[in-house]
Amino acid sequence: MHVGWKLVAIMVTALIGGAGASEAWGQGRIPDKPKVLVVVAHPDDDAAFSGVLYQITHQLDGVVDLALVTDGSGGFRYSTLVEELHGLALTDEAVARQHLPTIRKQELMAGGAVVGISKYFFFDQLDDAFTQDPEQALTQAWDADWVRQRLVQLMEGGGYDLVLVHVPYAETHGHHKGATILALEAAESLPISERPVVLGGFACVLGEQVFEFSRLDGYPITAASSGGPVARFDRTQTFGFNDRLNFEIIGNWVIAEHKSQGVMQLRMNQLKEECYWSFDLNADGTITEVENLFQRLQVLR
Ligand SMILES: [Zn+2]
């Protein structure tokens, strides 16, 4: 999931922003059993969405598929602890480039089993190096036109109601930004009546301090005028016997599967809340639809 989680936080008091509903539009655009496509850059990125994904598949009986843009062969210097487990010198770049794509797909699918991911679409673009600049990926490391076209195909033929992507804030990985930009471009190419709702997500910290996102400079397609998140999911909600379980456990299980990511393990119990932004390319009425969806994702009492 890489860096950038400890942001300079800005106080946001309003949980809900944006325009009112369009009555003509709000006719079950996000249905009772939503079909969701997650589009992420790296094999561990979906961990930011664990609570929502779990509830979509378990409480709503929805479907979650995932498109992974890169091959996950980067970040190998943190793989020290699994070198013995795999019998491979994974902190060596040549070894990592050869073997980590397979290992990390296995880790992704093991974590996906926890939250109930159904199908995976692997695009295997080079996970070259950390940069905050998305152009490195979009113009050099990746075949961006091919990835965008694949996403268009998935959105046209997959029947997805909702697409979850990284919120492309300035400090995040350029790959996260690049994956989001391509997903937004793919969504925008569809007629508005057939366009899935696209939300940018981020595992933020429970409490008042949530950072604002309104757009990534230079990429108007990323505009999200609400500023604050339009929906939040509290992972500390309790459920189960004696009300002792919560969604941090699920998040931790997902993280635990990503052993080759090393430092990611330190995120356990840190990610108290998931925050989601609605992009402006969504149809009128989306925010109301999203609010309704997140109401249905709450633990039933
Ligand atoms: Zn990442």
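Just so you know, ligand 1 is whichever comes first in the structure, and atom 1 is the first atom listed for that ligand.
- Closest to the Zn ion (ligand 1) among the N, O or S atoms of His42 is ND1.
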Given the rule in the side chain to side chain donor-acceptor pair (under 3.5 Å) test, do His175 and His42 qualify, once you have shown the distances and angles that lead to the verdict?
CA-CA 8 Å; His175 293 173; His42 303 119; 2.9 Å; yes
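- The Zn ion (ligand 1) has no N, O or S atom of His175 closer than 2.8 Å.
- Of all the N, O or S atoms in Asp45, the one closest to the Zn ion (ligand 1) is OD1.
- Ring geometry, Phe247 versus Phe239: the interplanar angle falls from 30° to 60°, so the pair is classed tilted.
- For Thr236 and Glu248, the side-chain atoms include no donor-acceptor pair closer than 3.5 Å.
- Checked against a 6.0 Å centroid threshold, the rings of Phe49 and Phe233 do not count as neighbours.
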